[in-house]
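Shown next, in structure tokens, is the structure this report addresses.
Chain letters run A, B, ... following the sequence lines, proteins first and then strands; every chain starts at 1. These numbers come from the heavy atoms of this one structure, side chains and all, not from hydrogens, waters or symmetry mates.
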Amino acid sequence: MRAGVVIFPGSNCDRDALHAVALAGADAIPLWHEDPDLHGADLVILPGGFSYGDYLRAGALARFSPVMRAVAEHAAAGGLVLGICNGFQVLAEAGLVPGVLLRNASLRFEHGWVRLAVERRDTPFTALVPDGRTLRMPIAHGEGCYHLPDAELDALEARGGVLFRYAGPEGNPNGSARDIAGVLDARGRVCGLMPHPERAAESILGSDDGMLLLRSLVTSAAASGVAR
Amino acid sequence: MSGTAATPLHRALGVTDEELAAIVERLGRDPNDLELAMFSVMWSEHCSYKSSKPLLRTLPTGGDDVVAGPGENAGVMSIGDGLAVAFKLESHNHPSAVEPYQGAATGVGGILRDIFTMGARPIAILDGLKFGDPASPRTRHLVRGVVRGVGGYGNCVGVPTVGGELVFHPSYAENPLVNVMAVGLLEERLLTLAAAPGPGNLCILFGSTTGRDGIGGASILASATFGAEGQQKRPTVQVGDPFAEKLLIEASLELIEQGLVEGLQDLGAAGITCAVSETADRAKTGIAVDLDAIPRREEGMEPFEVMISESQERMLAVVLPEKAEAVLAVCRRWGLPAATIGRVTADGLITIVSGGIADDGSPLPGARVLARIPAAALTSDAIVHARVASAPTRRRPAPAPGLPVRQAGSLPERGMDSGAVLLALLADANLASRAWVTRQYDATVGTDTVEASERAAGVIRVKGTRKGLVMATDANARVGRIDPWLGAAMAVAECARNIAVTGARPLGVTNCLNYGSPERPEAFWELGEGVRGIADACRALGLPVTGGNVSLYNESLAGAIAPTAQIGIVGLLDELDLLVRPAFRAAGDAVVLLGSGGAGLGGSIYAELAGIDPDDPPPALDLAAEAALLRLLREAASARLLRSAQDVSGGGLAVALAECAFWGGIGADCAVPLHASPADDLFGEAPGRVVASVDPARLAELRALAERHGVPLRRIGTTGGDRLRIALGDPASATAEEGAVAEHGALDRTLAELREAWERGLPRALGEDAGDVVSVASEER
Amino acid sequence: MSTYRFAVSVMPKDGILDPQGRAVEGSLPHLGISAVHAIRVGRRVELSVDAAGEAEARAIVERLAGELLANPVIESWTIARADGEGRAG
Amino acid sequence: MSTYRFAVSVMPKDGILDPQGRAVEGSLPHLGISAVHAIRVGRRVELSVDAAGEAEARAIVERLAGELLANPVIESWTIARADGEGRAG
Ligand SMILES: Nc1ncnc2c1ncn2[C@@H]1O[C@H](COP(=O)(O)OP(=O)(O)O)[C@@H](O)[C@H]1O
Ligand SMILES: [Mg+2]
């Protein structure tokens with residue numbers, strides 16, 4: 001199973017994602033933003049960071065990178081894509097997942113540990129998460145306030161597009177609509193997620209809950225890779 | 001750039017008549033205007049250390065593990081396995097006073113460049129911040145801007161901020177301090193020095209283009225007192241571009257890893273002038289600069305502007321000619337402008353040429369030589385001033401350890417509720433939770449952060465090993481104001497203790513000396529005392545000083561800052577799973593106090609809050625006892641004897657106990673013998689003490705170890721419950737071995753109320769809880 | 001070929017949360033200002049375009065605004081000349 | 001008492017580095033755009049002021065701009081009517 005991690009100029013969680021997804025059992029390779037070839041990746045991760053400095057709007061400039069055409073094609077063909085933090089912002093700007101990430105309600109960068117309720121377990125991203133289990137992982141972003149017009153939110157919820165919500169005493173850190181922390185595209189193959197599972201992949205770092213997500217993904221990608 | 005009849009050019013540039021004579025002597029002729037401008041920035045205090053050099057020579061710098069010491073961009077110490085750690089502290093005080101967001105941001109950028117220039121990947125940032133009264137609108141504006149700036153830059157480049165300090169003291173009202181420490185990790189074989197060896201080699205400038213920003217920043221901002229005159233001297237503000245810095249980090253490390261550079265130097269103060277003269281001087285070579293080849297951001301820049309511009313995010317690489325194409329290719333890949341701007345020569349001169357240079361660095365036919373200066377004259381052979389030091393007439397020297405101290409004010413004795421005092425201390429702006437700050441910093445990027453901020457030292461694991469690096473930064477302005485020797489020495493001791501309580505071995509020390517004008521004998525005396533304090537403490541604790549930074553002229557019309565020696569220490573934990581944390585971990589554990597404090601409330605937060613007899617001295621510092629305590633802590637940690645450990649510092653024993661308790665969610669019932677006065681015993685900040693919790697079954701073992709190290713150990717209580725109770729014993733029972741001290745009135749509070757006071761304190765002090773002025777000006781982007 | 005300078009104003013759409021605007025409004029009482037309301041904070045981008053004529057230049061700016069400078073889900077934009085001519089705003 | 005609507009345009013001062021503008025410019029090749037240059041990114045703030053006359057209203061906006069909307073050290077600003085009248089930019 002090969003996982004490709006895209007490096008945009010300004011990505012700063014690319015090495016973290018490579019490290020964690022390798023721990024989860026994948027053959028992890030870097031993908032360069034100017035190279036429109038995914039080099040056989042079964043799974044593509046858009047990592048966190050500040051692609052193009054987050055200038056203008058987070059994710060707005062990265063979405064035009066040559067690699068994003070390949071990512072869009074991969075997704076269109078049913079390939080798995082996970083966008084973490086800035087990667088979520090890039091996916092949203094590119095229209096690969098619904099919604100917009102506005103500035104945090106506090107108008108500040110927010111770092112901290114949050115708890116995520118997992119809304120569905122029948123997805124490639126959450127298959128291994130035990131029932132009833134919430135996931136603890138860090139957030140670190142300035143623009144993570146999830147927004148969609150109300151009617152579209154209703155539609156998103158109705159189709160099961162909300163995958164993670166902020167929960168527990170730590171609460172909603174950024175003012176996201178309906179506490180949404182992560183969403184799925186219509187086919188359920190592309191996921192955008194503000195918190196950082198790759199930073200919660202080893203207990204020495206405070207939590208290994210993120211591993212449940214990454215292992216789910218690696219397992220599903222391996223299965224679908226065989227299928228294709 | 002020109003002088004007038006009334007003010008000749010050299011004086012307008014801040015060069016004294018005496019300095020001009022020294023320049024003429026080194027050149028054997030009068031300097032032209034460009035040369036004078038180059039001298040003026042290089043002979044600024046910031047670049048030349050012309051006042052502090054003789055003092056800095058007295059610091060101990062040797063040690064087995066030192067790979068690179070003072071003089072390089074950062075200190076480097078070996079941590080085994082072929083790995084080394086690079087670390088350094090630097091100030092960006094005056095730029096932050098002018099423009100807090102950009103000043104702090106570019107401060108972070110500058111210190112990070114010092115780290116990756118050496119071939120180290122930056123792995124952590126710590127920020128030592130000092131401001132005036134948190135209730136004043138100006139302070140609030142500065143705090144908000146500086147914190148946003150540190151975060152705005154550090155978060156974007158992807159280096160976790162894992163520690164720091166936030167101190168409020170009235171002396172910083174007009175002159176805040178922004179000291180930033182950066183830590184990096186490198187393979188020793190990749191260590192890269194900032195030298196320009198090999199005549200014929202190329203000098204390649206890469207990163208951002210050169211603009212008019214920060215013209216004269218180093219010399220003028222950092223070397224002048226803020227006052228009416230300082231206002232006009234303010235140069236163009238530098239704007240940081242962390243995105244460019246991130247690309248610069250990746251490109252620089254790639255160049256080093258691929259073996260493409262012979263030397264690498266970042267551009268900071270004094271820009272290209274500093275980079276070429278320092279690298280040439282270190283290698284005993286010269287450099288010919290092709291002025292026209294320098295990529296510019298603006299049209300019509302004068303040669304002197306190009307040569308001294310402090311545009312951010314630039315690097316200078318010294319490269320073998322056959323590798324130049326490969327270097328340029330790496331820069332292109334990372335989207336960074338790069339240009340060959342000069343050649344290394346054998347003549348020891350910095351030559352600035354317009355019109356092109358030949359392969360050997362000589363001017364092409366028809367080209368003009370605009371400046372020609374011996375590299376040494378600009379750097380190692382810069383002028384050194386013998387400044388006059390004189391102690392203030394009325395001063396209180398540090399008390400000697402063990403001397404009896406006169407009783408001082410002691411509020412709890414006057415019928416004041418000690419529980420209320422503890423709540424007030426926990427809520428004090430200087431002691432309350434820093435979460436309002438640290439939430440704005442990415443502390444977990446890099447997937448190596450084991451412990452960050454809030455509680456104690458930052459802890460970073462070293463991937464591929466079982467090791468951990470532990471880091472902290474401390475200063476002690478309040479004590480420094482009373483006795484600058486003691487303030488500096490105590491900062492070293494406290495910082496080392498912060499490292500040692502985790503079980504780590506402190507490796508080495510970096511520092512930033514923040515003082516007033518060296519031209520004032522009293523301020524220069526303070527600087528001398530501070531350096532002496534650092535040297536004494538480092539010798540006693542066996543720690544080398546591997547680098548640092550000097551920031552003088554920290555004065556405003558309102559006066560000088562409290563003398564502030566900011567200390568940074570990195571320690572090594574050989575086995576990360578031996579890490580000891582500060583929070584209580586289990587009910588029923590024995591609570592012990594290691595070390596014994598003396599009396600003296602001078603310089604404490606309690607004194608500021610409650611007021612004390614102005615003649616009450618600060619507590620004494622016993623460096624030998626401190627060294628023994630450090631050794632004990634390390635051995636106790638390796639034997640896994642400690643369930644938790646936390647040093648006693650700001651707010652004293654009561655605050656330390658409260659923090660251990662509410663961080664762990666486990667209370668404690670304690671009894672403390674009354675030694676000096678209730679205020680001293682509960683809230684005094686005597687150094688050399690640690691609160692630890694221990695499995696009762698292993699207490700005897702710890703006690704034996706403590707005895708062997710000659711460190712006093714006293715069991716003061718037991719963990720458990722959801723309250724913190726501290727009974728004060730009768731002085732008569734102070735000699736009693738343990739337990740039953742006759743009570744003298746107990747402090748008794750729930751963990752919930754203690755925690756709430758601590759959590760709300762800072763937002764409340766800054767007016768953030770009630771809503772305050774929020775600006776959308778540029779810092780918000 | 002001439003060079004035209006434009007200013008693109010990008011503002012949050014009506015009905016979209018504008019936390020910056022709200023924050024500024026919230027600080028007005030601290031400044032003793034009560035007469036100001038309905039604050040919206042957006043972006044202004046100035047740029048130069050080389051083109052054969054204004055219509056061609058404007059078309060390029062239109063495209064840039066819709067694809068890059070604004071996010072049509074939440075923002076609307078207007079384009080104006082920012083050189084001699086239509087300089088305003 | 002009338003209500004006046006203004007737009008405050010805040011731009012980085014000349015000579016001050018504008019990293020945003022630079023980054024946007026750097027990504028234009030990806031959009032296949034080559035005719036655009038000299039991009040500067042700033043802020044636009046729209047607000048309404050209740051005042052007896054335009055001069056009074058404008059004075060309030062002036063004060064607000066210098067104290068809250070712009071950072072005078074690195075930014076300059078212009079103020080324009082943004083209602084019926086001077087609507088532009
Ligand atoms: N400006 C800051 N940035 C990051 N961390 C900070 C800052 N100020 C304080 N901290 C963190 O808050 C904690 C408490 O600070 P301090 O009171 O100085 O600690 P100590 O008692 O160990 O000296 C430490 O972990 C410190 O690293
Ligand atoms: Mg400390």
- Query: If you tally heavy-atom pairs under 4.5 Å against chain D, which of A244(B), G240(B), S208(B), G335(B) wins?
  - Reply: S208(B)
- Query: So, D18(D) side chain and V41(D) main chain: donor-acceptor pair closer than 3.5 Å or not?
  - Reply: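 Side chain of D18(D) to backbone of V41(D): a pair is present.
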- Query: Has the side chain of E313(B) got a donor or acceptor atom that lies under 3.5 Å from a matching backbone atom of D241(B)?
  - Reply: yes
Inspect the contact between [Y] and [X] and indicate whether a charged nitrogen and a carboxylate oxygen are less than 4.0 angstrom apart.
X	Y	value
R44(D)	E46(D)	yes
E67(D)	R63(D)	yes
E768(B)	R144(B)	yes

- Query: Passes side-chain hydrogen bond (donor to acceptor under 3.5 Å, both in side chains), T3(D) versus D50(D)? Steps please.
  - Reply: CA-CA 4 Å; T3(D) 299; D50(D) 299 333; 2.8 Å; yes
- Enumerate by number any residue of residues 29-40 of chain D whose heavy atoms lie under 4.5 Å from heavy atoms of chain B; in the absence of such residues, state 'none'.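 Expected list: none.
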- Query: If you take all heavy atoms of A97(B) and P176(B), which pair is closest and at what distance?
  - Reply: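 Here A97(B) and P176(B) meet closest at CB-CD, 3.8 Å.
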- Item | Which atoms of S311(B) approach chain D - backbone, side chain, both or neither, heavy atom under 4.5 Å | neither
